[in-house]
Amino acid sequence: MENMLSHWKKAGVFAFLILFSLQTWFVYQHYKGSGLSRVPNPQRGEGSILSRAQDANLSALVRSLPAAQSAVPVANLPVTDVLKLYPALEKGMRTPFDLWRYYGKGSSTFSSPILPMRFEQWLEFHEKQKPQLMKDVRAYMGGRFDFSGKVLTHQWMSGGRKPVMAGPIARLPEEIPTFEDLAAMSPETIRAKDIFPYKPLAHPLQTTAHMLFPDSWTAAHPEHKRIDVDMDFPDAYLPEFPPPLFLTTHKELGDISGGQEITFRNYFEIFDGLLTGEQMEGLKELLRPSPTTWFNQTTHRLTLAPSDGVACLDCHTNGHTNGAIELGPDSRPNMARLRVDTPTLRGNYNLLQLSSKRSIRSLDHFSEVEEYFDGDPGMQQAIGPRAVKREVSNRMADFNAIIDYPPAPKLSPLMKLIPSLASEQELRGEKLFHGKAPNAPSATTVPPLSMTTSTTSVSSGFTSGDQKAQSKPSLCAASRIPLPTSMMAERPHSMIQSNFSISSSNSTSIEQKKMIWLPFSSVYNF
């Protein structure tokens with residue numbers, strides 16, 4: 001009897017172990033490869049994201065092509081008929097290059113610090129995807145912009161080490177030979193034919209997005225080299241690295257940086273004795289790296305090795321910009337966010353309010369509220385927030401407020417041209433600007449500046465000598481926005497002055513003119 005009971009007990013324990021194992025196996029299979037597990041599943045986990053990524057690779061270029069034309073004019077169609085719903089994608093998967101054609105909700109407002117696979121598989125996944133992705137990205141960018149490599153003769157950026165490029169310019173469709181032909185078309189026709197050349201740029205990989213540094217920066221800071229994507233703009237078209245730094249409080253010293261990148265290791269030696277204690281504290285905070293969504297010490301990162309994170313002046317190098325891109329903090333979540341270029345901090349003392357769809361009132365306010373965790377407080381708690389308090393961001397603003405524009409080589413401290421350095425054309429332009437030239441209108445009645453089709457310079461709308469302003473300005477005048485502050489700061493002031501004066505020569509071709517003026521309204525998304 002006792003032996004029988006013993007056998008039943010053993011059988012019961014054995015049956016319980018079998019049932020427990022089966023239940024554990026079913027639960028394991030259910031969660032394996034999902035966002036709640038780090039264990040890959042060849043069918044549902046790594047296999048699914050790889051197969052879907054491959055499908056995205058094959059259709060990415062198709063999705064980036066103009067949509068098929070409808071018999072009904074686009075302007076008369078409901079927005080949901082013109083746009084497509086955002087695709088359902090996981091972290092790391094390719095996104096369409098033409099995200100402006102999409103609408104709707106993302107998968108969720110909230111993100112997660114957990115990768116869809118183990119980190120070693122994450123590395124392998126991007127190692128396979130990145131080469132083809134970058135090949136497609138460069139083909140797409142080359143199809144939209146003319147990266148000719150041409151430079152403006154004798155024009156250098158403010159540090160004097162890098163030439164100012166001519167362009168890039170947006171490419172027109174083959175059926176539109178010139179920008180003048182495009183300007184002659186009505187807005188309704190341009191929209192119906194989908195031929196507007198200045199469509200928005202998306203991040204090359206919007207599912208991860210985040211900060212994307214130029215090649216010049218990653219060469220000096222390999223810890224910020226991404227495993228998933230590289231910068232899509234040629235380095236020649238981005239600001240010089242490192243840029244010079246000018247201070248409103250020490251104009252006599254010129255470039256404070258001495259041609260070197262200002263870092264956490266050398267800032268004290270450079271600035272001790274030049275700044276107030278409050279400004280020094282602010283500069284220190286601007287140089288202090290902190291974890292971000294994808295640059296941190298955890299496995300939720302886009303770098304090969306863990307990193308300290310990113311500092312404010314990693315993108316705003318030396319108080320200017322290195323051309324890094326990011327997604328704007330205005331719209332959430334990732335798929336709906338807009339790509340933005342890093343603006344310069346030069347002349348921040350003269351800014352009243354940043355242009356933003358949120359209530360961002362100043363750069364110190366931005367420093368206080370934007371933690372670069374894609375607007376998700378849960379990510380901050382998981383990775384480690386910087387938590388900048390108002391008193392700290394105010395010190396950061398104290399330093400921001402004294403970053404100056406580069407000095408104009410031909411202007412005196414009274415902002416007048418130095419006659420021995422200025423050309424006759426520039427001096428006449430100055431007289432015209434102040435309304436003191438013969439037969440010139442007064443300064444209060446000078447019409448707004450506009451680009452004409454006859455000369456590479458900017459005309460003020462009145463006749464001077466043998467030059468006559470055209471009655472119909474080209475598309476350059478009709479569509480371009482003011483030159484971004486960061487780009488104007490890169491151009492020597494002598495060049496800006498000469499471009500905004502009256503030219504008596506028509507020798508510069510229309511193509512050269514377009515190379516100079518057209519890119520800024522689309523490429524830099526200001």
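Residue numbers run from 1 in the order of the sequence given. Because only heavy atoms are used, hydrogens play no part in the values below, and waters and symmetry mates are left out as well, while side chains stay in.
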[X] side chain near [Y] side chain, heavy-atom distance below 4.5 Å:
X    : Y    : answer
P116 : W122 : yes
F246 : I402 : no
I325 : T342 : no
P113 : M379 : yes
W294 : T303 : no
D232 : V137 : yes
C315 : W217 : no
N334 : H203 : no

Any chance [atom1] of [X] has more than 12 other-residue heavy atoms, nucleotides or ligands included, within less than 6.0 Å?
X    : atom1 : result
N266 : CG    : yes
L123 : CG    : yes
E127 : CD    : no

Without swapping roles, check the side chain of [X] against the backbone of [Y] for a donor-acceptor pair under 3.5 Å.
X    : Y    : answer
E240 : G159 : yes
T218 : H221 : no
R339 : L201 : no
R101 : L83  : no
K91  : S112 : yes
D314 : A311 : yes
N318 : Q260 : yes
Q155 : M165 : no
N322 : T317 : no
Q121 : R118 : yes

How many angstroms lie between [atom1] in [X] and [atom2] in [Y], if you round to the nearest 0.5 Å?
X    : Y    : atom1 : atom2 : answer
D308 : F264 : CG    : CZ    : 10.5 Å
S290 : E285 : OG    : CD    : 9.5 Å
L89  : T207 : CG    : OG1   : 6.5 Å
Y267 : I262 : OH    : CD1   : 12.0 Å
R288 : L313 : CZ    : CG    : 13.0 Å
E120 : T299 : CD    : OG1   : 9.5 Å

Exercise for the section: Quick one: do T292 and H210 satisfy side-chain hydrogen bond (donor to acceptor under 3.5 Å, both in side chains)? Show the steps, please. Expected result: CA-CA 9 Å; T292 73; H210 214 56; 2.9 Å; yes
Problem - Short N-O contact, K284 and E281, less than 4.0 angstrom - result: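 Looking at K284 and E281, the cut-off is met.
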Practice task
Decide, yes or no, whether a salt bridge links R395 with D398 under the criterion of side-chain N to carboxylate O below 4.0 Å.
Solution key: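 No, this pair does not count.
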Handout entry: Parallel, tilted or perpendicular: rings of F196 and Y198 (30°, 60°)
Key =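 Y198 and F196: perpendicular rings.
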Using every non-hydrogen atom in the two residues, find where [X] and [Y] come nearest and quote the distance to one decimal.
X    : Y    : answer
M396 : L286 : CE-CD2, 3.6 Å
P177 : E175 : CD-O, 3.5 Å
F125 : M117 : CB-SD, 4.1 Å
Q206 : T95  : N-OG1, 3.0 Å
K199 : W100 : CD-CZ2, 3.0 Å
L245 : F399 : CD2-CZ, 4.2 Å

Practice task
State, without any angle test, whether H316 and T321 hold a side-chain donor-acceptor pair at a distance under 3.5 Å.
Solution key: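 Checked: H316/T321 side chains show no N/O donor-acceptor pair below 3.5 Å.
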Handout entry: Any side-chain donor near an acceptor of the partner, N296 and T298, under 3.5 Å
Key =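 Side-chain D/A pair, N296 to T298: present.
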Problem - Contacts of type ring pair (Phe, Tyr, Trp, His ring centres under 6.0 Å), residue F147, not counting sequence neighbours - result: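 F233, Y237.
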Exercise for the section: Check whether NZ of the Lys or CZ of the Arg R301 lies under 6.0 Å from the centre of the six-membered ring of F119 and within 45 degrees of that ring's axis. Expected result: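 Judged by the rule, R301 and F119 form a cation-pi pair.
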Exercise for the section: Start with the C-alpha distance between L133 and H126, add both sets of side-chain angles, then the distance that settles side-chain contact (heavy atoms from CB on, under 4.5 Å), and finish with yes or no. Expected result: CA-CA 10 Å; L133 170 61; H126 287 297; over 6 Å; no
Problem - K84/Y103 under side-chain contact (heavy atoms from CB on, under 4.5 Å): CA gap, chis, key distance, verdict - result: CA-CA 6 Å; K84 296 176 283 187; Y103 79 102; 5.7 Å; no
Handout entry: Distance flag, aromatic centroids of H224 and F295, threshold under 6.0 Å
Key =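 Ring-ring flag for F295/H224: true, centres closer than 6.0 Å.
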Handout entry: salt bridge (charged side-chain N to carboxylate O under 4.0 Å, His left out) against R265, all qualifying residues, sequence neighbours excluded
Key =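 With sequence neighbours excluded, R265 shows a salt bridge (charged side-chain N to carboxylate O under 4.0 Å, His left out) to no residue whatsoever.
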Practice task
For side-chain contact (heavy atoms from CB on, under 4.5 Å), just list the numbers for M335 and L99, CA-CA rounded to whole Å, side-chain angles, deciding distance to a tenth of an Å, and then say yes or no.
Solution key: CA-CA 8 Å; M335 294 298 282; L99 277 176; 3.8 Å; yes
Exercise for the section: Assess whether side-chain contact (heavy atoms from CB on, under 4.5 Å) is satisfied between M185 and I176, documenting all intermediate values. Expected result: CA-CA 10 Å; M185 302 171 68; I176 309 295; 3.7 Å; yes
Practice task
Please name the residue in the list P406, S257, P243 that meets the side-chain contact (heavy atoms from CB on, under 4.5 Å) test with H320.
Solution key: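 Among the candidates, only P243 passes.
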